[in-house]
Amino acid sequence: MSTKLNIGLFGFGCVGQGLYHVLNNSTGFKADIIKVCVKNKEKSRTIDVQKITYDKTVILNDDIINVVVELIDDATEAYNIVKTALSKGKHVVTANKKMLALHLSELYTLAQQNKVSLLYEASACGSIPIIRALEEYFDNEDLEKVTGIFNGTTNYILTKTINEKLSYADALKQAQDNGFAESDPTNDVEGFDAKYKAVIIALHAFGIILKADDVLNIGITELGDQDITYAQEKKYKIKLTPVIKRLPNDTVTAFVLPQFIKATNQLFNVDNEFNGVITEGRFSGEQFQQGRGAGSYPTGAAVLSDVSALSYGYKYEFKKHLQKHPSGFTSDVIITVYFRYKQSKDVELLNFIDVSETYKSNDYNYVIGKINLTSLIKNKTYLKEKKLFVALVNDVIGIL
Ligand SMILES: NC(=O)c1ccc[n+]([C@@H]2O[C@H](COP(=O)([O-])OP(=O)(O)OC[C@H]3O[C@@H](n4cnc5c(N)ncnc54)[C@H](OP(=O)(O)O)[C@@H]3O)[C@@H](O)[C@H]2O)c1
């Protein structure tokens, strides 16, 4: 039996307006947005002023409202809103990956205790229905790995640098001019956004709640012209790739690193602001999904899909988390990297186990070889300070 949904919406920016549009133009599904809570009283609005409030308690204390859709750009305030809404027995739909990744364990528990749904398809890879696929289709399959391109801003910048030979600075400016990157792009270009999505996906793919701080993220800010030339000469593309992988000792590793991608990889042709997700199952093999990772309507459509699912009482079952999940998280794994360095001391710091290629010239040196991921974690700050670039050469991961 379907439930009448009375929505309290927080945020009427890019995604909030997208949801409003797709909901009003959807032919098969109806739900009422009762109130919209926003922040800035000076902004003019395109909706009935009677619907607008600046006071969050108007929505949170209204018993008629049974669904809170949280689409604001402030993770701390989003956390307060979502926590209160769940505690009051309201279902919640959110797109806020940072808020979810930082508080996943607590919010998961709160939703279970209050017997309400907490849905967040739009938080990971926009319009790609990856969470629903993991929950519903791969719920009984042992997955080996999930990887992909989870961040549209960096993919846009990388596409422009590799395909159109723009410098990193020019590509970033173009991304900002086109609205793909925020004026402060740190979250995207340093790999935090991709990491938050990886934390969310890890719960549904492997049943494990990772601590975001444990997961290494190295972004694309140190990418230099020499690295771009190297990739072009080898006919590689560079993509920022989160990798979440189950290891033979039944632990899970996860990290975010730039990666050289060969033409045979499904991610090779995922360009511009698009996202792509590869899932590797023990029995199903490799599956690939591609779609728009951001944007008003694609993200609004993902939010609408969650709202629509609420109308038939849908909840994530978290089967893998509740039944059997890996014994823990580890960063003690061996990966193959390309490392552009300045002094031989830099190479010593990364403790290469095995070197397959070296290059030295007056202004540019690199080494390719195997290292332990923990060496990157220990030296992350140093690499950034010295502007050294590191990229995964492939995502084959070994353990000692
Ligand atoms: N943009 C995308 O393509 C995309 C894709 C996937 C996920 N997301 C996630 O979706 C969320 C929203 O992103 P967005 O791009 O739509 O942001 P946005 O365009 O910057 O809009 C943010 C909205 O939040 C409102 N707001 C901020 N603080 C508030 C508060 N304390 N109380 C009430 N309203 C508040 C703002 O109010 P005013 O209108 O008054 O300023 C504005 O309407 C974020 O978590 C983002 O990470 C975005």
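Just follow the structure's listing: the first ligand is 1, and inside any ligand the first atom is 1. Residues: numbered from 1 along the sequence shown. Because only heavy atoms are used, hydrogens play no part in the values below, and waters and symmetry mates are left out as well, while side chains stay in.
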Within the structure, does Asp74 bring an N/O atom to less than 3.5 angstrom of an N/O atom in ligand 1?
->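 No: no nitrogen or oxygen of Asp74 is under 3.5 Å from one in ligand 1.
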Does any N or O atom in Gly16 lie less than 3.5 angstrom from one in ligand 1, N or O only?
->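 No.
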Considering only heavy atoms, which of Val38, Thr76, Val15 lies nearest to atom 33 (C) of ligand 1?
->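 Nearest option to atom 33 (C) of ligand 1, by heavy atoms: Val38.
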What part of Thr299 sits under 4.0 Å from ligand 1 if we count only heavy atoms: the side chain, the backbone, both or neither?
->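 Looking at Thr299 and ligand 1, just side chain atoms fall under 4.0 Å.
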Enumerate the atoms of ligand 1 whose separation from the nearest heavy atom of [X] is less than 4.0 angstrom.
X      : result
Lys97  : 6 (C), 7 (C), 8 (N), 47 (O)
Asn96  : 45 (O)
Gly295 : 2 (C), 3 (O)
Ala294 : 3 (O)
Gly13  : 16 (O), 19 (O), 21 (O), 23 (C), 42 (C), 43 (O)
Arg45  : 38 (P), 39 (O), 40 (O)
Gly11  : 23 (C), 24 (O), 25 (C), 43 (O)

Can you check whether Ser296's main-chain N or O pairs, donor with acceptor, with Thr299's side chain at less than 3.5 Å?
->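 No; judged by distance alone, with no hydrogens or angles, the pair does not exist.
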Glu141 (side chain) donor-acceptor with Arg282 (main chain) under 3.5 angstrom =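 Present.
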Taking [atom] as the reference point, the nearest protein heavy atom with its distance:
atom                    : answer
atom 28 (N) of ligand 1 : Lys39 CD, 3.5 Å
atom 41 (O) of ligand 1 : Lys43 NZ, 2.6 Å
atom 17 (O) of ligand 1 : Asp73 CB, 3.9 Å
atom 11 (C) of ligand 1 : Ile72 O, 3.5 Å
atom 12 (C) of ligand 1 : Leu71 O, 3.5 Å
atom 31 (N) of ligand 1 : Glu77 CG, 3.4 Å
atom 10 (O) of ligand 1 : Ala95 CB, 3.6 Å
atom 15 (O) of ligand 1 : Cys14 CB, 3.5 Å

Criterion ring pair (Phe, Tyr, Trp, His ring centres under 6.0 Å) against His204, the qualifying member of Tyr108, Tyr120, Phe138 |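 Checked Tyr108, Tyr120, Phe138 against His204; only one passes ring pair (Phe, Tyr, Trp, His ring centres under 6.0 Å): Tyr120.
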Under the criterion ring pair (Phe, Tyr, Trp, His ring centres under 6.0 Å), which of Tyr359, Phe260, Phe389, Tyr364 is the partner of Tyr230?
->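 Between Tyr230 and the candidates, ring pair (Phe, Tyr, Trp, His ring centres under 6.0 Å) is satisfied uniquely by Phe260.
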Begin from the C-alpha positions of Leu158 and Leu223 and carry the test side-chain contact (heavy atoms from CB on, under 4.5 Å) through to its verdict.
-> CA-CA 9 Å; Leu158 291 168; Leu223 176 68; 3.6 Å; yes
Exercise: do [X] and [Y] side chains pair donor with acceptor under 3.5 Å:
X      : Y      : result
Thr251 : Asn249 : yes
Thr330 : Asp332 : no
Asn80  : Glu77  : yes
Ser305 : Arg132 : yes
Gln259 : Tyr236 : no
Asn372 : Thr374 : yes
Tyr314 : Glu136 : yes

Distance under 6.0 Å and angle within 45° of ring axis: Lys197 vs Phe150 |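 So Lys197 doesn't make the cation-pi contact.
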Are Lys97 and Tyr196 in a cation-pi contact, defined as NZ or CZ under 6.0 Å from the six-membered ring centre and within 45° of the axis?
->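 No, Lys97 does not lie over the aromatic ring of Tyr196.
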Would you please determine whether [X] falls within less than 4.0 Å of ligand 1 on a heavy-atom basis?
X      : value
Ala122 : yes
Phe12  : yes
Lys98  : no

Does atom 4 (C) of ligand 1 have a protein non-hydrogen atom under 4.0 Å from it?
->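 Yes, there is a protein heavy atom closer to it than 4.0 Å.
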